[in-house]
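One structure is given below, encoded as structure tokens.
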Amino acid sequence: MLRTRDRARRASTLAALMVASGALLAVPSARADDGTPSDAELLARCDNGTRKCLFHPSGDLTVFPGAAHQVGDAVYNCTDDPQTSSRTWEDTTGESNSMGVSLREEFERKFPFGPVFKLAFEQSYRHTWSSSHTESQTTILNVPAGEVGWVTRAPKLQKARGTYELIFKDRFRGHRYWYVPFEATGPADGETSVKTQHSRAMTAAERGMYCG
């Protein structure tokens, strides 16, 4: 009778250990499913499985000059007198953001969070968001004798910061609410870029190349 009871206890204990072992083995799988998603993975779900996808701008809109860079070709004055020359140039200013993707219209199907950002931006700041802006001009350059002249352009940029709020229909990675910080910089519409003329003495190598 005692042996029968011992066998029953052993069987019961073994069954309990097997159940416990199974539970322990299942835990890592559940935790893997609840891992924290990347910001890119979350924003890819904007209006794609979410009940709401909103962008909340924060702080003031910042308008500032971008880096100055040469536009058009340089002018080399190989004469002994000051010369006046014209240069026609075209320059495009693009955008950048913390996600490293374009917010242009042709990308909106792939990145649906773009229209959400632009709508909130325009409503908050009463400004239009542009992903790119192209400026063209013909500039008259006055270049002293024996010097090289060129034009630089510094575009005006606008920067906005804020947070995406994503509310999922069903729990996503264990949560229904997720928040993603976001920052974007693009050309400031209606703001005049800064164009500057420059000149300096030609080097011996430049003289040999352009004045030979």
Side-chain angles (χ1 to χ4, degrees), residues 31-72 88-139 151-196:
R31 287 179 179 172
D33 292 340
D34 290 339
T36 302
S38 66
D39 290 348
E41 188 176 359
L42 284 168
L43 290 186
R45 293 298 192 107
C46 182
D47 287 341
N48 179 26
T50 56
R51 184 166 60 84
K52 284 187 179 181
C53 178
L54 307 169
F55 180 75
H56 304 290
S58 61
D60 296 330
L61 176 66
T62 305
V63 177
F64 61 98
H69 54 278
Q70 181 178 332
V71 291
T88 299
W89 52 265
E90 183 176 279
D91 189 48
T92 299
T93 304
E95 66 177 351
S96 63
N97 56 66
S98 52
M99 293 302 298
V101 300
S102 177
L103 301 179
R104 288 180 295 175
E105 291 182 4
E106 56 265 38
F107 287 86
E108 288 181 356
R109 289 186 179 179
K110 186 176 181 181
F111 305 110
F113 63 88
V116 174
F117 167 79
K118 289 190 283 188
L119 178 61
F121 176 88
E122 293 171 5
Q123 289 177 340
S124 296
Y125 301 115
R126 298 294 185 265
H127 276 255
T128 300
W129 180 264
S130 295
S131 295
S132 66
H133 174 74
T134 300
E135 181 177 357
S136 58
Q137 190 179 88
T138 297
T139 303
V151 178
T152 60
R153 173 179 178 262
K156 286 293 181 67
L157 303 175
Q158 56 187 6
K159 178 182 289 186
R161 299 180 178 88
T163 303
Y164 276 93
E165 179 184 17
L166 296 99
I167 305 174
F168 286 85
K169 300 174 184 177
D170 301 309
R171 287 182 181 274
F172 179 66
R173 299 291 181 87
H175 301 277
R176 289 185 61 244
Y177 292 81
W178 286 96
Y179 300 90
V180 179
F182 187 76
E183 178 180 293
T185 300
D189 281 354
E191 297 286 345
T192 304
S193 62
V194 178
K195 276 84 67 178
T196 308

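Residues: numbered from 1 along the sequence shown. Owing to the predicted nature of the structure, the values given are computational and were not obtained by experimental measurement.
- Listed by chain and number, the residues in a salt bridge (Lys or Arg N to Asp or Glu O under 4.0 Å) with Lys52 amount to none (sequence neighbours excluded).
- Remark: Trp129 pairs with Phe117, Phe121 by the ring-ring contact (aromatic ring centres under 6.0 Å, His included) rule, at least two apart or across chains.
- Scanning both residues, Thr196 and Val194, for their nearest heavy atoms gives OG1-CG1, 4.0 Å.
- With sequence neighbours left out, the salt bridge (Lys or Arg N to Asp or Glu O under 4.0 Å) criterion links Arg45 to no other residue.
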Below 3.5 Å, can you tabulate the donor-acceptor pairs from side chains in residues 55-66 to any protein atom, sequence neighbours excluded?
{"from": "His56", "atom 1": "NE2", "to": "Glu165", "atom 2": "OE1", "distance (Å)": "2.8"}

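- Remark: the backbone N or O of Gly35 is paired with a side-chain donor or acceptor of Arg173 at under 3.5 angstrom.
- When Leu166, Ile167, Asp170 are each tested for a side chain to side chain contact (heavy atoms under 4.5 Å, CB included) with Arg51, only one passes: Ile167.
- In summary, the aromatic rings of Tyr164 and Tyr179 are positioned with their centroids too far apart to meet the 6.0 Å limit.
- Of all heavy-atom pairs spanning Leu103 and Gly114, the tightest one is CD2-CA, 3.8 Å.
- Within the 4.5 Å cutoff, no side-chain heavy atoms of Leu43 are placed close to those of Trp178.
- The heavy-atom pair separating Asp39 from Met99 by the smallest distance is C-CE, 3.9 Å.
- When every heavy atom of His69 is checked against every heavy atom of Ala67, the shortest pair comes out as ND1-O, 3.1 Å.
- To the nearest 0.5 Å, atom CG of residue Asn48 and atom CZ of residue Phe113 are 12.5 Å apart.
- Between the side chain of Glu90 and the main chain of Thr92, no donor-acceptor pair closer than 3.5 Å is present.
- Panel note: side chain Thr50, backbone Cys46; no donor-acceptor pair is recorded below 3.5 Å.
- Residues Asp47 and Val116 meet the side-chain proximity criterion, which asks for heavy atoms closer than 4.5 Å.
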Anything under 3.5 Å between a donor and an acceptor, one on a side chain of residues 155-163, the other on a protein residue two or more places apart or in another chain? List them.
{"from": "Gln158", "atom 1": "NE2", "to": "Thr128", "atom 2": "O", "distance (Å)": "3.2"}
{"from": "Gln158", "atom 1": "NE2", "to": "Pro187", "atom 2": "O", "distance (Å)": "3.4"}
{"from": "Arg161", "atom 1": "NE", "to": "Glu183", "atom 2": "OE1", "distance (Å)": "2.9"}

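- Remark: Glu135 pairs with Trp89, His133, Gln137, Arg153, Ser193, Lys195 by the side chain to side chain contact (heavy atoms under 4.5 Å, CB included) rule, at least two apart or across chains.
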